[in-house]
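To keep things clear, I will list the structure first and then write my remarks on it.
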Amino acid sequence: MAAALLANTLYSVGFVLEKRALTSLPEVSIRQPARLLRLVLGSPLWIGGSLALAAGFAAQLVVYRTLPIAAAQGIFVSGLVLLVLLSARLLGEETSGRERYALGAILLALLMVVLSLREGSDTVGHDAPYQLILLVCVPSLAAGVWLYASAERRTRNRHRRPTTGVEYGVAVGLLYGVSSLAIKGVSSRLTTHGIGGAVPALLSSPYPYLLLFTGVFGLVMSQAALQRCRASLIVPVCTTVTSLFTAVLGTLSFGEALPDEPLRLALRVAGTALAVAVLLTMPKHDTAPRPSPPAKELASP
């Protein structure tokens, strides 16, 4: 539990620091990944945010070794509250009434998932067939890249209203969902193998390669999206998609049984359905006021 709360804090702080750094950088694009990386790596503030995210990743490994996937995702989503507070305080971002209701519904869905858990009765899965992992992950990666490209094409249309970033959040959330399953797989190898056997076991599995792909593409895609959209909206959407993807498909892939009691099963299914419904009904166009651009941008011709 302590590791999960620490991961929440580190992730929230990391995203806010990266967003703040990106607001002072020239516009970045996934079409120029080398330029994007050069710009962000030249920002000490962005580097600080990325280090916080890396530390959150380490804490997440600890969580997956001790908690079932559904329980871990339920706790991770609670970090959305801290993220929204930090975004309002440090970034000057405001959410509309409809968006606040949507975030409240997401937290209600989280509570339902948490209430479906029972300590001692939920098992922690440690293995999954590689063929099943690839069957789940490869189409999800393709869908995420396709959805992101579609959002990019619509955004470049100057006659369209500003996007809230829901499409970006869903696309990046799919990539991070695959990454989360890979993290679970890595933690399983570390749990079931000794030090000497951990490295060969990892290299013979698809998990490090999935992490590499999602790490590279997720970094480029998330930074471009984060610069264009409000962190207080795009990150909750991304986090919710990641959590749902991991909780549902991860639970099935790693053989972690669903609750056998009708009430607990109903809470978990209803919580998942509520979160999906909220994502489908969230506003697609931005009506909330945006923070003022940095002074040096106002002064430029």
Test side chain to side chain contact (heavy atoms under 4.5 Å, CB included) on Tyr207 and Ile133; report intermediate values, then the result.
CA-CA 9 Å; Tyr207 303 122; Ile133 290 294; 3.7 Å; yes

Check this for me, if you would: do Arg35 and Glu27 make a salt bridge, where the nitrogen-to-carboxylate-oxygen distance has to be below 4.0 angstrom?
no

Minimum-distance pair of heavy atoms, taken over all atoms of Ala59 and Ala7:
CB-CB, 3.8 Å

Leu22 backbone acceptor or donor facing Gln227 side chain under 3.5 Å
yes

Main-chain N/O of Gly177 paired to Ser180 side chain as donor or acceptor, under 3.5 Å:
no

Count I, L, V, M, F, W, Y as connected when their side-chain heavy atoms are under 4.5 Å apart, and connections chain through other members. Are Val136 and Trp146 then in the same cluster?
yes

Working note: Thr214 + Leu141, criterion side chain to side chain contact (heavy atoms under 4.5 Å, CB included); need CA distance, chi angles, decisive distance, verdict.
CA-CA 8 Å; Thr214 55; Leu141 292 175; 3.7 Å; yes

Which heavy atom of Ala182 sits nearest to which heavy atom of Leu211, and what is that distance?
CB-CG, 3.6 Å

Could you give the distance from OG (Ser179) to CG (Leu174), rounded to the nearest 0.5 Å?
12.5 Å

Drop me the distance from Glu167's CD to Cys229's SG, to the nearest 0.5 angstrom.
8.5 Å

Quick check: closest heavy atoms across Cys137 and Leu181, and the distance to 0.1 Å?
SG-CD1, 4.1 Å

How long is the gap from CG on Leu10 to CG on Leu53, to the nearest 0.5 Å?
8.5 Å

Tell me, which pairs form a ring-ring contact (aromatic ring centres under 6.0 Å, His included) where one or both residues lie in residues 215-242, sequence neighbours left out?
Phe213-Phe217

To the nearest 0.5 angstrom, please state how far the CD atom of Glu18 sits from the CD1 atom of Ile47.
10.5 Å

Quick one: are Val172 and Thr242 in side-chain contact, heavy atoms under 4.5 Å?
no

Taking the side chain as C-beta and beyond, is there a heavy-atom pair between Arg38 and Gln32 under 4.5 Å?
no

In the structure I gave you, are the side-chain heavy atoms of Val170 and Leu147 within less than 4.5 Å of one another anywhere?
yes

Can you tell me if Lys19 uses its side chain to pair, donor with acceptor, with the backbone of Gln223 under 3.5 Å?
no

Would you give the length of the straight line joining atom OG of Ser43 to atom CG of Leu17, rounded to the nearest 0.5 angstrom?
9.5 Å

Closest heavy-atom contact between Val178 and Ser140?
CG2-CB, 4.0 Å

Donor-acceptor contact below 3.5 Å, side chain Ser12 vs main chain Thr9
no

Which atom names give the shortest non-hydrogen contact between Val235 and Phe15, and what distance separates them?
CG1-CD1, 3.8 Å

Run the numbers on Leu41 and Trp46 for side chain to side chain contact (heavy atoms under 4.5 Å, CB included), then give the verdict.
CA-CA 7 Å; Leu41 291 176; Trp46 186 91; 3.9 Å; yes

Report yes or no: do Leu212 and Leu134 belong to one cluster of Ile/Leu/Val/Met/Phe/Trp/Tyr joined by side chain heavy-atom distances under 4.5 Å?
no

Indicate if Tyr176 and Val138 have the same hydrophobic cluster label, given that clusters are the connected sets of ILVMFWY residues with side-chain heavy-atom separations under 4.5 angstrom.
no

Are the side chain of Tyr168 and the backbone of Tyr148 linked by a donor-acceptor contact shorter than 3.5 Å?
no

Would you say Leu36 and Ser29 make side-chain contact, with heavy atoms under 4.5 Å?
no

Is there a side-chain contact between Leu37 and Leu219 in this structure, where contact means two heavy atoms from C-beta onward sitting under 4.5 Å apart?
yes

Full working for side chain to side chain contact (heavy atoms under 4.5 Å, CB included) between Ile234 and Val166:
CA-CA 6 Å; Ile234 189 174; Val166 171; over 6 Å; no

